[in-house]
**Student:** 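Below is the structure I would like to discuss, written out as structure tokens.
Computed from a prediction, not measured in an experiment: that's the story for all the values here. Throughout, residue positions are numbered sequentially from 1 according to the sequence presented.
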Amino acid sequence: MTTSLEGTWNLILGASSGIGLANARALAAEGANILGVHFDMAEGREKAQVTVEELRSAGVSAHFFNANAASARTRTELVPEFVELTGGRPLRVLLHSLAFGTLVPYLPTDGGPALTQRQMDMTLNVMAHSLVYWTQDLHAAGLIGEGSKIYAMTSAGDQKVTANYGAVSAAKCALESHVRQLALELAPSGVAVNALRAGVTLTPSLEKIPEHGPLVELAARNNPHGRLTTAEDVADALVTLSRSTSSWLTGNIIGVDGGEALTT
């Protein structure tokens, strides 16, 4: 069975751009209230505030917080505020869409830098482990409960690598492992946990990958739909899945790529 998302509360980690932003807009269009955490400098903060006003114009409540989503201090400060804003009701959606990691090779080439332990630890913490820590704190506060849907953004980097993508690839693999474990532990509570594996999508994080040009060309050429995945494609899938009242679809890596993985 399905239900309306109107009036629900939803938390997006990485809400100010790319896939996170598209999902904020799509959920707001359904009448859902939005909590967003993002980490931006001056120009980014201004754009985030414009987004908040845009979401509110749809008639929903929207609150964005400019803070490091991978910091324990951020969770300590924000979770009680989320409880107050939501009235303590469980979130309908928790979307983990944090894309901040190190893009350097493990071994130095041409006199360039090699990955350090600090960079590896940071990448895994932001892009993978923070999902666990947010889920723990939200669950303890009663904000994850029956009907909640947890999504984590993964990519084909869980299997495919390039010279500079090693740390991020490792993070995606760890993230998917966390999704499976959380799905197991939260199933008795009626909570679904899944990873969404988007196709190649033009986002600010993609453009930071040194080899992104050939990746974009290959995906656009070979995708059965004849185009790249968009952030809006991912948001449409998330909204559709989140209308379900069932938690039976859980622990999966769900491809949202228009069939890209079939041909590349």
Side-chain angles (χ1 to χ4, degrees), residues 8-29 32-89 91-103 118-119 121-141 143-144 150-153 168 171 175 196 198 201-208 231-232 234-235 238:
T8 61
W9 282 93
N10 306 269
L11 172 58
I12 299 174
L13 305 177
S16 63
S17 65
I19 289 173
L21 175 58
N23 276 278
R25 287 171 169 160
L27 286 164
N33 303 311
I34 307 298
L35 300 170
V37 182
H38 62 102
F39 197 32
D40 290 300
M41 298 298 103
E43 182 179 354
R45 286 197 298 267
E46 293 176 6
K47 290 181 178 179
Q49 188 55 43
V50 170
T51 297
V52 169
E53 297 305 322
E54 172 195 337
L55 298 177
R56 289 175 177 171
S57 70
V60 304
S61 295
H63 305 271
F64 276 21
F65 302 85
N66 189 43
N68 179 5
S71 166
R73 180 176 179 180
T74 295
R75 298 193 306 276
T76 298
E77 293 176 351
L78 291 187
V79 170
E81 190 161 354
F82 294 164
V83 171
E84 183 175 349
L85 287 167
T86 63
R89 290 182 294 156
L91 299 166
R92 183 63 171 184
V93 168
L94 166 61
L95 172 60
H96 184 282
S97 184
L98 300 179
F100 184 80
T102 298
L103 294 166
R118 181 179 180 182
Q119 290 171 326
D121 292 345
M122 178 274 292
T123 302
L124 270 289
N125 187 55
V126 173
M127 299 186 73
H129 304 335
S130 60
L131 170 68
V132 177
Y133 308 143
W134 272 103
T135 301
Q136 288 173 330
D137 289 356
L138 292 167
H139 183 265
L143 293 178
I144 296 293
I150 301 175
Y151 304 98
M153 293 309 308
V168 177
L175 181 69
L196 302 180
T201 310
L202 287 177
T203 62
S205 59
L206 175 71
E207 293 172 351
K208 294 177 182 178
E232 289 71 26
V234 179
L238 181 143

**Student:** Say you draw a straight line from OG1 of Thr86 to CG of Leu35; how long is it, rounded to the nearest 0.5 Å?
**Tutor:** 7.0 Å
**Student:** What distance do Leu27 atom CG and Leu55 atom CG have between them, rounded to the nearest 0.5 Å?
**Tutor:** 9.5 Å
**Student:** Counting C-beta onward and ignoring hydrogens, is there a side-chain heavy-atom pair between Val50 and Glu46 closer than 4.5 Å?
**Tutor:** no
**Student:** Please name the pair of heavy atoms, one in Ala171 and one in Met127, separated by the smallest distance, quoted to 0.1 Å.
**Tutor:** CB-CB, 3.8 Å
**Student:** Mind listing the closest non-hydrogen atom pair of Met153 and Ile19 along with its distance?
**Tutor:** CE-CD1, 3.9 Å
**Student:** Any side-chain to backbone donor/acceptor pair from Thr123 onto Thr102? Under 3.5 Å, distance only.
**Tutor:** yes
**Student:** Taking atom OG1 of Thr51 and atom CZ of Arg56, what is their separation to the nearest 0.5 Å?
**Tutor:** 11.5 Å
**Student:** Determine the minimum heavy-atom distance between Ala70 and Ser130, stating which atoms define it.
**Tutor:** CA-CB, 4.3 Å
**Student:** Say whether, by atom type as modelled, one donor and one acceptor occur between the side chain of Thr74 and the main chain of Ala69 under 3.5 angstrom.
**Tutor:** no
**Student:** Output the distance between atom CG (Asn33) and atom CH2 (Trp9), rounded to the nearest 0.5 Å.
**Tutor:** 4.5 Å
**Student:** So Ile34 and His63, do their side chains get closer than 4.5 Å, heavy atoms only?
**Tutor:** no
**Student:** Side chains of Val234 and Leu238: does their closest heavy-atom pair fall under 4.5 Å?
**Tutor:** no
**Student:** More than 12 foreign heavy atoms under 6.0 Å from CD of Glu53: is that the case here?
**Tutor:** yes
**Student:** Answer yes or no: is there a donor N or O on one side and an acceptor on the other, between the side chain of Arg92 and the main chain of Asn10, under 3.5 Å?
**Tutor:** no
**Student:** Using side-chain contact (heavy atoms from CB on, under 4.5 Å) as the criterion, point out the one residue from Ile144, Leu94, Leu143 that pairs with Leu11.
**Tutor:** Leu94
**Student:** As an exercise, state the distance from CZ of Phe65 to CD of Glu77, rounded to the nearest 0.5 Å.
**Tutor:** 11.0 Å
**Student:** State, to 0.1 Å, how close Leu175 and Leu131 come at their nearest heavy-atom pair, and which atoms those are.
**Tutor:** CD1-CD2, 3.7 Å
**Student:** Ring-plane angle category for Trp134 and Phe82, please: parallel below 30°, perpendicular beyond 60°, tilted otherwise.
**Tutor:** parallel
**Student:** So, taking the atom named CG in Asn23 and the one named CG in Leu196, what distance separates them when rounded to the nearest 0.5 Å?
**Tutor:** 8.0 Å
**Student:** Would you call Arg25 and Glu54 a side-chain contact if the rule is heavy atoms closer than 4.5 Å?
**Tutor:** yes
**Student:** Do you know which two heavy atoms are closest between His38 and Ser16, and how far apart they sit?
**Tutor:** CB-OG, 3.5 Å
**Student:** So does Phe100 have more than 12 non-hydrogen atoms from other groups sitting under 6.0 Å from CZ?
**Tutor:** no
**Student:** Closest heavy-atom contact between Phe64 and Ala48?
**Tutor:** CD2-O, 3.9 Å
